[in-house]
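Following: one structure in structure tokens, then a few remarks.
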Number of protein chains: 2
Amino acid sequence: MKEKGRPRAFDRDAALARAMKLFWARGYEGASLAELTAAMGIRPPSLYAAFGSKEALYREALDLYVAEGDAGIWDAIPIAPTAREAVDGFLRATAIAFTRPGVPPGCMIALGALHEGEASEAICRDLKERRAWGVGVLKERLERGVKDGELPAGADCAAIASFYATVQHGMSILARDGADREALLAVARRAMAGWEGVVAPSPSIQETNRPSPNPLPGGERATDLPSPLRGEGGTRKAGG
Amino acid sequence: MKEKGRPRAFDRDAALARAMKLFWARGYEGASLAELTAAMGIRPPSLYAAFGSKEALYREALDLYVAEGDAGIWDAIPIAPTAREAVDGFLRATAIAFTRPGVPPGCMIALGALHEGEASEAICRDLKERRAWGVGVLKERLERGVKDGELPAGADCAAIASFYATVQHGMSILARDGADREALLAVARRAMAGWEGVVAPSPSIQETNRPSPNPLPGGERATDLPSPLRGEGGTRKAGG
DNA sequence: AGTTTTATGTATTGAACGATACATAACAAT
DNA sequence: ATTGTTATGTATCGTTCAATACATAAAACT
């Protein structure tokens, strides 16, 4: 049975895909209604009738990105034969996905809205949760690797997952800087080249905890707040 | 000798520091003139008289960030006794700097303007160049490590530098997600735990190049463009 | 045919954007 | 005191923002 009323004159899915690519390229705030409607080939009332609001459109765009825009980066992780191959495949797929011709470089979820006060706060939270979801996917596969005896019993799977997710997030910025596929694959290879050390338990004690005398004169600068950063309270002068 | 005319009634350096922190927290486009003037305690004409424009203010804010806002993350790299300690100190300093109380989490340069079409294009380029500068600092220290015999002769210093810079960029996003200092230090430790593998020549051949049968059915998804992403040309209907 | 329902195009809304005009205030030089 | 110069505060400028009012068009239902 058909719908009542005048039928929609545009392809909703196609318009959504166009919107997704624009949000992907420009971020949530960076994509204006004028640009969106132009890219989607429709006028504002059609957009609002079909999607509700800019924010609702963005959420649908995010869902579409997860479903079809990320090239299945995460799909192979749970079913990879080993944790190592899971992470390796994940990073390789990332390098390829972030440099596909015809779509914006980098990850829509990693780059979508990184500044506080930006977007609708709810969108920032949504993106953050989706990033956390990715870490969880990695973590679960790593934990299975421990159960399988592939990884050492004391491996900190949450920390390992966080590390590789961090590498992947950095690859988004690398891609935005114009790095080509080979450059991203090189990063992926190097991340995997460190695998044995990364998955080893307590890398802090095992590898990197020599007292390490800070060679910089005034070595506490990294913890102190330099003068221009200290002032916090309002020093406003002569109220209006 | 004093200046002619009415003297400035506000502390230019303090106002710039306030502007820097707001740009740092919100990004270039995310910081509005209204917010900036409120944070700086001045009115728009004073801002334009003292700094010229929002863009010029941002450039000065960037310079201030590099001079005093990044907690000297890069300063120790050239003078560290070994390349390994240089990178280790760099990542540790990053973890500390990105989680300092009182300043926004993450890096102003990494997060400042990541979307195309955003900002003034020139600012995107400026930030990109500053990121490339950081990679260069790492690369030069690594090359000295090769000369010193600390690193293997065939080490690809540019690729190693790119890898660790990528990790650092990812740490900005991790910090924006609210990760605490210990979480960032854990990432830094794991990045260093993989050091031996990362700096080894040709990690692709040595470690990670087994044929790796893609376990995902339809394994080419990562290279194909799924249907919603294919349409590129304008299919606009019934022009206005 | 007439009513109901939904979609579209034109035009516009109030708010926020970056940036200024203008009169006045505060200094140096004369 | 007068002039020249720079800074400040008030009040905007024109533009763009996300979002709609309204009349019309195109379908289903009666």
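Quantities reported herein were computed from a predicted structural model and do not represent experimental measurements. To find a chain, count down the sequence lines: A is the first, B the second, and so on, and within it residues start at 1.
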side-chain hydrogen bond (donor to acceptor under 3.5 Å, both in side chains) filter on B:T99, not counting sequence neighbours, yields B:R181

Whole-Å distance, A:M40 CE to C:dA7 P, equals 14 Å

From the list B:V66, B:L62, B:V103, B:D70, side chain to side chain contact (heavy atoms under 4.5 Å, CB included) partner of B:M108 resolves to B:L62

Strictly below 4.0 Å: does B:R43 bring a side-chain N or O up to OP1 or OP2 of D:dT8? no

Notebook entry, point to check: Would you call B:R12-B:E60 a salt bridge at under 4.0 Å N-O?
Noted result: yes

Atom CD1 of B:I42 and atom P of D:dG9 are separated, to the nearest Å, by 9 Å

Protein-nucleotides 13-15 of chain C N/O pairs closer than 3.5 Å?
none

Sort me out a list of protein N/O and nucleotides 13-20 of chain D N/O pairs below 3.5 Å, or just none if empty.
unit_1	atom_1	unit_2	atom_2	d
D:dC17	OP1	A:S32	OG	3.4
D:dA18	OP1	A:A31	O	3.4
D:dA18	OP1	A:K54	NZ	2.8
D:dA18	OP2	A:L33	N	2.5
D:dA19	OP2	A:Y48	OH	2.5
D:dA19	OP2	A:K54	N	3.2
D:dA19	O5'	A:Y48	OH	3.0

Sorted by chain and number, sequence neighbours left out, salt bridge (charged side-chain N to carboxylate O under 4.0 Å, His left out) with A:D180 holds for none

Task: Cationic N near anionic O, under 4.0 Å, A:E182 to A:R189 - done: yes

| B:R59 bridged to B:E55 by N-O distance under 4.0 Å | yes

For nucleotides 4-6 of chain D, list the nitrogen or oxygen atoms of the protein found under 3.5 Å from its nitrogen or oxygen atoms, one pair per line.
unit_1	atom_1	unit_2	atom_2	d
D:dT6	O2	B:R6	N	3.2

Note to self: Any side-chain N or O of A:S46 below 4.0 angstrom from OP1/OP2 of C:dT8?
What the structure shows: yes

- Is any side-chain heavy atom of A:I73 closer than 4.5 Å to a side-chain heavy atom of A:Q168? yes

request  = Determine, for B:K139 against B:E143, whether the closest basic-nitrogen to carboxylate-oxygen distance falls under 4.0 angstrom.
outcome  = yes

Could you list the donor-acceptor pairs under 3.5 angstrom formed by side chains in residues 172-179 of chain A, with sequence neighbours left out?
unit_1	atom_1	unit_2	atom_2	d
A:S172	OG	A:C107	N	2.9
A:R176	NE	A:P105	O	2.7
A:R176	NH1	A:A25	O	3.4
A:R176	NH1	B:L114	O	3.2
A:R176	NH1	B:H115	ND1	3.1
A:R176	NH2	A:W24	O	2.8
A:R176	NH2	A:P105	O	3.0
A:D177	OD1	B:R131	NE	3.1
A:D177	OD1	B:R131	NH2	2.7
A:D177	OD2	B:R131	NE	2.9

In whole angstroms, the gap separating C1' of C:dA19 from CG of B:L57 amounts to 13 Å

When rounded to whole Å, the CZ to C1' distance for the pair B:F10 and D:dG9 reads 13 Å

**Message:** Checking the side chain of B:E129 only, and the main-chain atoms of B:D126 only, is there a donor and an acceptor separated by less than 3.5 Å?
**Reply:** no

Under 3.5 Å: donor-acceptor pair, side chain of A:T37, backbone of A:L33: yes

